[in-house]
There are 2 protein chains.
Amino acid sequence: MARPLPQRATLEDVARVAGVSRSTASRVLTGFGAASLSARDRVAAAAEQLGYAPDPAARALATGGGVRLVVAVAGTEPGVLHDPYVDRVVRAAAEVCAPREVGVSLEWLPLHAPERLRRLAEDRSVRGVLIVNTTERILAAVPAALDGRTVSIGIGSPAVPSFDVDNGGAASTIVSHLYDSGRRRIAMVTGPDWMPCTRRPVRAYQQVMGAAALPIRLVPGDFTAAGGQAAMLAILDRWPDTDAVFANSDAMALGALAVLRRRGVGVPDDVAVAGFDDVPFAALSAPALTTASHPVGRIATAAATAVLDRARTPPATAYPSELILRESA
Amino acid sequence: MARPLPQRATLEDVARVAGVSRSTASRVLTGFGAASLSARDRVAAAAEQLGYAPDPAARALATGGGVRLVVAVAGTEPGVLHDPYVDRVVRAAAEVCAPREVGVSLEWLPLHAPERLRRLAEDRSVRGVLIVNTTERILAAVPAALDGRTVSIGIGSPAVPSFDVDNGGAASTIVSHLYDSGRRRIAMVTGPDWMPCTRRPVRAYQQVMGAAALPIRLVPGDFTAAGGQAAMLAILDRWPDTDAVFANSDAMALGALAVLRRRGVGVPDDVAVAGFDDVPFAALSAPALTTASHPVGRIATAAATAVLDRARTPPATAYPSELILRESA
DNA sequence: GCTTGCGTTGGGAGCGTTCTCAGGGGTGCG
DNA sequence: CGCACCCCTGAGAACGCTCCCAACGCAAGC
């Protein structure tokens with residue numbers, strides 16, 4: 001196999017130039033262990049002169065440490081990476097990792113290959129894994145021994161502490177708001193069945209509707225705008241008298257909005273529409289979208305901090321979601 | 001330093017269980033080198049039984065190869081990762097990398113720390129780097145010796161082959177379209193000055209306007225919806241008679257659209273609005289956004305393939321951008 | 001002056017792989 | 001029957017780093 005990497009300064013080189021041993025150079029550069037002032041100076045100068053940078057792979061191999069944090073997004077296709085929710089997680093993780101000189105990687109975790117999660121968690125070069133939108137089946141792939149290297153934003157497991165948003169409560173709030181504003185024939189566009197993050201909102205919807213003795217109108221979506229359009233068409237077709245729609249993601253809500261506009265249905269007069277997540281474009285639609293804003297950034301910050309520190313304790317305070325009232329509902 | 005990684009099956013273990021030497025086990029598992037059928041079977045069985053997976057760090061150290069491809073996005077803050085353009089690059093890269101068992105990492109490349117790019121390119125655990133939206137200054141950090149490990153989606157350098165979109169041509173097409181539909185007082189909302197990807201569209205705009213002896217109306221934006229709103233307000237303020245706006249990104253165009261709607265300005269009757277990039281929501285706005293679609297996916301696919309193969313040749317065919325005519329212009 | 005102790009240093013073993021090299025055992029050919 | 005050849009194998013040296021351990025020199029204490 002080719003070795004395409006050109007010769008670069010190694011610790012050995014730095015030591016030679018500084019006139020000390022490799023051990024001393026290592027001690028100086030890692031900051032661990034004693035070293036005389038003169039040795040310290042000479043090594044630092046040599047490193048500077050040679051443009052030395054430690055090899056992350058070698059360091060990971062020697063220490064068992066880890067140089068990067070991986071945000072692993074579960075899903076059926078790489079397209080799941082294209083999600084505002086994920087972006088917010090990555091952003092928060094990047095901010096936590098930057099001062100510690102830990103890189104952030106974003107990777108797709110195919111639903112059909114749960115063992116890849118174990119690989120990721122076992123990889124010496126990864127410091128920790130932040131799983132997003134995972135399933136019980138995938139979490140089962142993480143053995144208890146790997147405990148502490150993996151944290152989930154979503155559901156958890158005995159081996160994987162969970163930092164979750166109260167999406168059930170947020171959904172409750174939204175459906176209740178629709179009810180309180182006089183809506184009685186409320187439909188809900190859900191996400192794919194396999195996603196735990198759609199199950200709780202669905203349950204919340206069913207609960208609120210059930211308590212008010214109102215009919216359940218569930219339509220499956222896929223979290224995309226196109227899926228939202230299709231779902232809205234289905235709703236108009238099956239239940240033409242629907243007076244409110246709660247979509248489990250803003251993208252689907254915006255898709256629904258586009259369909260209603262094209263059909264000449266008034267929003268919110270004829271049909272109220274509410275989304276979920278508060279993506280940036282939600283404020284710009286016509287009419288502007290009523291939705292729920294989850295503290296994803298803060299949760300992700302807590303999760304990233306926990307996994308970097310190998311802490312097992314979820315955050316003490318749960319950050320509540322917030323109802324964002326705009327024009328559409 | 002703690003060694004938090006629990007004991008896991010190593011090649012040595014597999015060899016012992018299979019009753020062969022480490023070398024033979026390695027040969028069988030990598031597929032390189034000869035091995036008898038029985039050895040092959042025994043090693044495979046042992047690996048299966050122990051749940052063996054090679055340690056990426058150790059493999060990277062030994063081969064100098066690399067296990068992941070890094071998509072590095074240059075910018076002033078981690079927020080640049082939150083960009084539909086970047087998402088499309090990551091997606092395409094993930095698709096190219098998946099069959100080769102190469103992971104994809106997304107990392108922010110701070111504008112003020114160009115040396116991090118060299119670190120990235122030197123890291124043995126990275127197979128290659130895909131730079132997005134870079135500057136000449138950052139590219140200068142890549143020494144010629146690292147040639148072939150780095151590829152740019154955007155401008156290039158002697159050491160970094162470039163796979164670029166013809167955004168100048170696309171901008172020309174858009175401005176010409178506005179002109180052809182009778183607009184004469186056309187303003188443009190640009191991106192930040194430091195971004196090369198805004199310079200060519202600006203030049204194209206100036207060229208088309210200059211050729212028609214029309215006045216130049218440039219307003220700076222920041223590629224976000226909020227920036228687009230601010231820019232639109234500035235345009236209405238400074239040049240109330242403007243009859244067309246070309247925004248250098250869809251997000252800014254959608255922001256502009258929101259401002260015009262709030263002001264009661266008719267689009268496209270009073271003011272035509274055109275965007276750039278064709279993000280998913282562009283089709284859903286009211287009115288739907290006229291924009292240009294760049295073959296980002298195909299370019300990124302070519303770039304990822306090139307960097308994985310260490311090829312130095314840019315793709316033979318340039319993929320043209322496409323004018324997406326919708327309602328706003 | 002000899003021992004004790006501390007601060008500093010270098011040697012060397014490991015981390016888990018890959019890959020080169022030399023040797024061993026079988027088969028085919030002369 | 002002997003030799004050459006080839007297939008297979010294992011020993012061992014890298015890769016670049018960290019870290020344990022033993023040794024060194026030097027000052028202080030008895």
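To the nearest 0.5 Å, atom OG1 of residue A:Thr135 and atom CD1 of residue A:Ile138 are 4.0 Å apart.
Rounded to whole angstrom, the span from the CZ atom of A:Arg124 across to the C1' atom of D:dG16 amounts to 14 Å. Atom CG of A:Asp55 and atom C1' of C:dG16 are 14 Å apart (whole Å). As rounded to whole Å, 16 Å separates atom C1' of C:dC15 from atom CD of A:Glu122. In this structure, the CZ atom of A:Arg40 is 11 Å from the C1' atom of C:dT8, given to the nearest Å. The distance between atom CG of B:Leu11 and atom P of C:dT18, rounded to the nearest whole Å, is 6 Å. In this structure, A:Phe32 places its CZ atom 15 Å from C1' of D:dC17, rounding to the nearest Å. Across the protein-nucleic acid pair, A:Glu12 atom CD and D:dC17 atom C1' stand 11 Å apart, rounded to whole Å. Remark: P of C:dT17 and CG of B:Asp13 are 9 Å apart, rounded to the nearest angstrom.
Checking side-chain atoms of B:Arg40 against main-chain N and O of B:Ala35 turns up a donor-acceptor pair under 3.5 Å. The main-chain N or O of B:Ala121 is found under 3.5 Å from a side-chain atom of B:Arg149 such that the two form a donor-acceptor pair.
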Short N/O separations, protein against nucleotides 8-12 of chain D, under 3.5 angstrom:
residue, atom, partner, partner atom, Å
D:dT9, OP1, B:Ser36, OG, 2.9
D:dT9, OP2, B:Ser36, N, 2.9
D:dG10, OP2, B:Ser21, N, 2.9
D:dG10, OP2, B:Ser21, OG, 3.2
D:dG10, OP2, B:Thr24, OG1, 3.0
D:dG10, N7, B:Arg27, NH2, 3.0
D:dG10, O6, B:Arg27, NH1, 3.1
D:dA11, N7, B:Ser23, OG, 3.2
D:dA11, N6, B:Ser23, OG, 3.0
D:dG12, O6, B:Ser23, OG, 3.4

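In summary, A:Arg137 and A:Glu115 do not engage in a salt bridge, as defined by a charged side-chain N under 4.0 Å from a carboxylate O.
A side-chain donor from one of B:Ser125 and B:Asp123 sits under 3.5 Å from a side-chain acceptor of the other.
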Review item, side-chain donor-acceptor pairs of residues 20-31 of chain B, under 3.5 Å, at least two apart:
residue, atom, partner, partner atom, Å
B:Ser21, OG, B:Ser23, N, 3.4
B:Ser21, OG, B:Thr24, N, 3.3
B:Ser21, OG, B:Thr24, OG1, 3.2
B:Arg22, NH1, B:Glu12, OE1, 3.3
B:Thr24, OG1, B:Arg27, NH2, 3.3
B:Thr30, OG1, B:Ser26, O, 2.8
B:Thr30, OG1, B:Arg27, O, 3.4
B:Thr30, OG1, B:Phe32, N, 3.4

Self-check item: A:Val307/A:Thr150 under side chain to side chain contact (heavy atoms under 4.5 Å, CB included): CA gap, chis, key distance, verdict
Solution: CA-CA 7 Å; A:Val307 81; A:Thr150 305; 6.0 Å; no
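The shortest distance between the side-chain N/O atoms of A:Ser26 and the OP1/OP2 oxygens of D:dT18 is below 4.0 Å. Look at B:Thr63 and you won't find any side-chain N or O under 4.0 angstrom from OP1 or OP2 of D:dC15.
Proximity note for B:Arg59 (side chain, C-beta onward) versus C:dG16, D:dC17, C:dT18: the nearest is C:dT18.
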